[in-house]
Amino acid sequence: MTIISTRPIAGQKAGTSGLRRKTRDWMAPHFLENYVQSTINAIGGAKGKRFVVGGDGRFYNAEATQIILRMLAANGASEVIVGRDGLLSTPAASHLIRLNNTDGGFILSASHNPGGIDADFGLKFNMANGGPATETVSDEIYAQTTTLAEYHIAQTPDVDLSIVATSDLAGMDLKIVDPVSDYAELMKTLFDFNAIQTLFKSGFRMRFDAMHAITGPYAKTILQDMLGAPSDTVMNGTPLVDFGQGHPDPNPIWAHELMSVMTGPDAPDFGAASDGDGDRNMIVGRGAYVTPSDSLAVLAAHAHLAPAYAGGLVGVARSMPTSAAVDRVAAAKGIPAFETPTGWKFFGNLLDAGKVTLCGEESAGTGSDHVREKDGLWAVLLWLNILAETKLSVADLMAEHWATYGRNYYSRHDFEDVPVDVANTLMDDLRRSLPTLTGQSFAGLVVGDADDFSYDDPVDGSRSVSQGIRISFQGGARVVFRLSGTGTQGATLRMYVEALETDPDALHRDPQHALADVIKAAHEITDLQRRLGRDTPDVIT
Ligand code: G1P
Ligand code: ZN
């Protein structure tokens, strides 16, 4: 056991989901060690505590896992449960924390960000409930990073993590577990596996794009081995440290390989994809892409068809920029709908307090009270369970949904790598203009309301301010602006546009056309073209 002197490293402040930086930053002397020790200090030390450790397998996952294990041992942790080869999907890690009643876990991931020595790496701490560290704990971790003077590490050789076994690491119990089995068992308790097996037996065809990320082994085990889907169901199913040079973000842009299968000749019935660490999902039917906001609403409307939710939902929650489609389902069911800031950490208290069963974000995240993270494969399985019960195609299910609840046309436009000062000035100016926006007209739309979103947590009373600027227009359309908190280069401006349509003859339009006026108004309000020097977004989802 050694104590190493160190000095604070500037800027180790977590964003929307843990700390994400360039991989080479993490590999620099003391960077990872400082952040791990700061986390341990922030939670009152590791002595006698038990943790889960695992990551999405990206470049540096293996090396960082070894360092974290040695540091936990040196800080007196009594036990660590680690995924074989240091691998765990984020939802599986959340489940293991809960299943084993541990004190928390370290998840090595930069989620949907690319991986590689010149790409991104990340680390986040999840608490004993299995969910991401709250704002309060994240603030304490950051405070610790600013005064850190030393860290503890055991001087031991690397542990062989390739075999499921139990051993001892410098006095700490080390349990290497199969990353998939406990998670797969949990899924079996939630869904009607027989009904889904019957669906596949009837000739239902599916493609699951694991995008060379962590869900490959999970999807193969659950979809192919347990549910009997054909062996070519999972594509890109071998995890690679650089995700095959791809961008493991399940949306129509980055999952274009799947999209072309689903829109091509002889397309399968159902397509799905997941991200780097397995917490996101994309759902697509034959020629029918489902936006994440709509997916959340459809799942809320039909979740009772799956055994775990047969008793109904107690409530739902969505992040503020997510479309209000799910609110309409909640209203029809007479259950509460909560609106939280962006980031899964805000759902934790609501789930723990039993106020919500389902929650989701427009960024391809959906989940329930079964873990405290969003869960990509879970969403896919719930969709399969619903399709098995309703016997409808994805396109028909969507058409039925919109006919019942109306359609919240929705799109997110991302402007990436914007100079940080340009992005900050745009947001500051917009914030300053808020009091005068009401009543003004842009592209023919009149502003009804405009504010900077703050959230009062109904469970612990904490307040989070400046969580995105929302501008509502008369007639129900709205636009939201916020800056990404997960990027590692420049700033990413996110513009979220939405408009509700209830006219039965206007439910099947191209969202970009249906939203054209709102997009125009949003550009006018921010003077976007002049400030950014462009008006075409890098990514439209
Ligand atoms: C993005 C998403 C957000 C999600 C987060 C972590 O954060 O927008 O919904 O919770 O990734 O997966 P952002 O980059 O917008 O801060
Ligand atoms: Zn993710």
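Since the model is a prediction, treat every value here as computed from it, not as a measurement.
The distance from the CD1 atom of Ile117 to the CG atom of Asp242 is 11.5 Å, given to the nearest 0.5 Å. Expressed to the nearest 0.5 Å, how far CG of Leu528 lies from CZ of Phe415 amounts to 4.5 Å. Atom OG1 of residue Thr6 and atom CG of residue Leu148 lie 6.0 Å apart, to the nearest 0.5 angstrom. Rounding to the nearest 0.5 angstrom, the gap separating the OG1 atom in Thr340 from the OH atom in Tyr455 is 6.0 Å. Separating the CG atom in Asp449 from the CG atom in Leu434 is a distance of 10.0 Å, to the nearest 0.5 Å. The distance from atom CG of Asn251 to atom OG1 of Thr541, rounded to the nearest 0.5 Å, is 6.0 Å.
The closest side-chain heavy-atom distance from Val479 to Phe473 is below 4.5 Å. Put simply, the side chain of Asp209 does not reach to within 4.5 Å of the side chain of Pro250, judged on heavy atoms. Val422 places a side-chain heavy atom less than 4.5 Å from the side chain of Leu532. At a threshold of 4.5 Å between non-hydrogen side-chain atoms, the residues Arg470 and Tyr496 do not count as touching. Looking only at side-chain heavy atoms (C-beta outward), Phe442 and Ile471 stay at 4.5 Å or farther from each other. The shortest side-chain heavy-atom distance between Leu358 and Thr366 does not fall under the 4.5 Å cut-off. Side-chain contact check for Tyr35 versus Thr145: some heavy-atom pair is nearer than 4.5 Å. Contact check for Pro91 versus Leu377: no side-chain heavy atoms found under the 4.5 Å cut-off.
The backbone N or O of Ala297 sits nowhere less than 3.5 Å from a side-chain atom of Tyr405 that would complete a donor-acceptor pair. Between the side chain of Tyr218 and the main chain of Ser89, a donor-acceptor pair closer than 3.5 Å is present. Looking at Ser274, its side chain does come within 3.5 Å of a backbone N or O of Arg280 through a donor-acceptor pair. The closest donor-acceptor contact from the side chain of Arg21 to the backbone of Phe31 lies at 3.5 Å or more, if one exists at all. Proximity of a side-chain donor or acceptor of Glu362 to a complementary backbone N or O of Pro292 within less than 3.5 Å is not detected. A side-chain donor-acceptor contact under 3.5 Å links Gln440 to the backbone of Thr436. Without hydrogens or angle criteria, Ser454 side chain to Ser464 main chain gives no donor-acceptor distance under 3.5 Å. Ser94 places a side-chain N or O within 3.5 Å of a backbone atom of Arg372 that can act as its donor or acceptor partner. Using a distance-only test at 3.5 Å, with no hydrogens or angles considered, a donor-acceptor pair links the side chain of Asn61 to the main chain of Gly86. Side-chain atoms of Glu416 never come within 3.5 Å of backbone atoms of Val539 as a donor-acceptor pair (strictly under, hydrogens ignored).
Each of Arg478, Arg318, Arg407 was scored for a salt bridge (charged side-chain N to carboxylate O under 4.0 Å, His left out) with Glu498, with one residue passing: Arg478. Tested against Asn113, the residues Thr23, Asp249, Asp120 include a single side-chain hydrogen bond (donor to acceptor under 3.5 Å, both in side chains) partner, Asp120. When each of Val371, Asn129, Asn126 is paired with Ile97, the side chain to side chain contact (heavy atoms under 4.5 Å, CB included) condition holds for Asn126 and for no other.
A donor atom on one side chain and an acceptor atom on the other are found under 3.5 Å apart for Asp275 and Ser111. In this structure, a donor-acceptor pair under 3.5 Å is absent between the side chains of Asn34 and Gln12. Checked by atom type, the side-chain pair Thr90/Asp277 shows a donor-acceptor distance below 3.5 Å. Thr486 and Ser484 share a side-chain donor-acceptor pair at under 3.5 Å. Side-chain atoms of His413 and Gln512 include a donor-acceptor pair closer than 3.5 Å. Side-chain N/O atoms of Asp294 and Trp402 include a donor and acceptor closer than 3.5 Å.
Using a 4.0 Å cut-off between charged side-chain N and carboxylate O, Asp414 and Arg412 make a salt bridge. Taking 4.0 Å as the cut-off between side-chain N and carboxylate O, Arg432 and Asp429 count as a salt-bridged pair.
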Which is it for Asp352 and Val459 under the side-chain contact (heavy atoms from CB on, under 4.5 Å) test, yes or no, and what are the steps along the way? CA-CA 9 Å; Asp352 286 349; Val459 179; over 6 Å; no
Which is it for Phe243 and Asn236 under the side-chain contact (heavy atoms from CB on, under 4.5 Å) test, yes or no, and what are the steps along the way? CA-CA 9 Å; Phe243 308 119; Asn236 298 322; over 6 Å; no
Start with the C-alpha distance between Asp428 and Arg431, add both sets of side-chain angles, then the distance that settles salt bridge (charged side-chain N to carboxylate O under 4.0 Å, His left out), and finish with yes or no. CA-CA 5 Å; Asp428 289 346; Arg431 210 166 276 124; 3.2 Å; yes
Is there a side-chain contact (heavy atoms from CB on, under 4.5 Å) between Gln467 and Thr342 once you walk through the steps? CA-CA 7 Å; Gln467 296 295 323; Thr342 296; 5.6 Å; no
Would Lys124 and Glu373 satisfy salt bridge (charged side-chain N to carboxylate O under 4.0 Å, His left out), going step by step from the backbone distance to the final call? CA-CA 12 Å; Lys124 71 173 180 171; Glu373 286 281 0; 2.8 Å; yes
Worked verdict on Arg58 versus Phe121 for side-chain contact (heavy atoms from CB on, under 4.5 Å): CA-CA 7 Å; Arg58 69 182 58 226; Phe121 188 81; 3.8 Å; yes
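Around NZ of Lys22, the count of heavy atoms belonging to other residues, nucleotides or ligands within 6.0 Å exceeds 12. Summarising the local packing, CZ of Arg534 is surrounded by more than 12 heavy atoms from other residues, nucleotides or ligands at distances under 6.0 Å.
Ring geometry, His302 versus His401: the interplanar angle falls from 30° to 60°, so the pair is classed tilted. Below 30°, between 30° and 60°, or above 60°: for His247 and Trp254 the angle between ring planes is below 30°, a parallel geometry. Ring geometry for Phe347 against Trp344 counts as perpendicular: the plane angle is over 60°, on a 0 to 90° scale with 30° as the lower cut.
In this structure, Ala288 and Val394 approach most closely via the heavy-atom pair O-CG1, 4.2 Å. Residue Ser109 comes nearest to Asp56 through the heavy atom pair OG-OD2, 2.9 Å, listed as atom of the first residue, atom of the second, then distance. In terms of heavy atoms, Ala491 sits closest to Ala423 at CB-CB, 3.6 Å. Minimum interatomic distance between Ala521 and Leu445 (heavy atoms only, all atoms of both residues): CB-CD1, 4.1 Å. When every heavy atom of Leu258 is checked against every heavy atom of Ala273, the shortest pair comes out as CD2-CB, 4.0 Å. Residues His523 and Asp535 approach most closely at CE1-O, 3.3 Å, considering heavy atoms.
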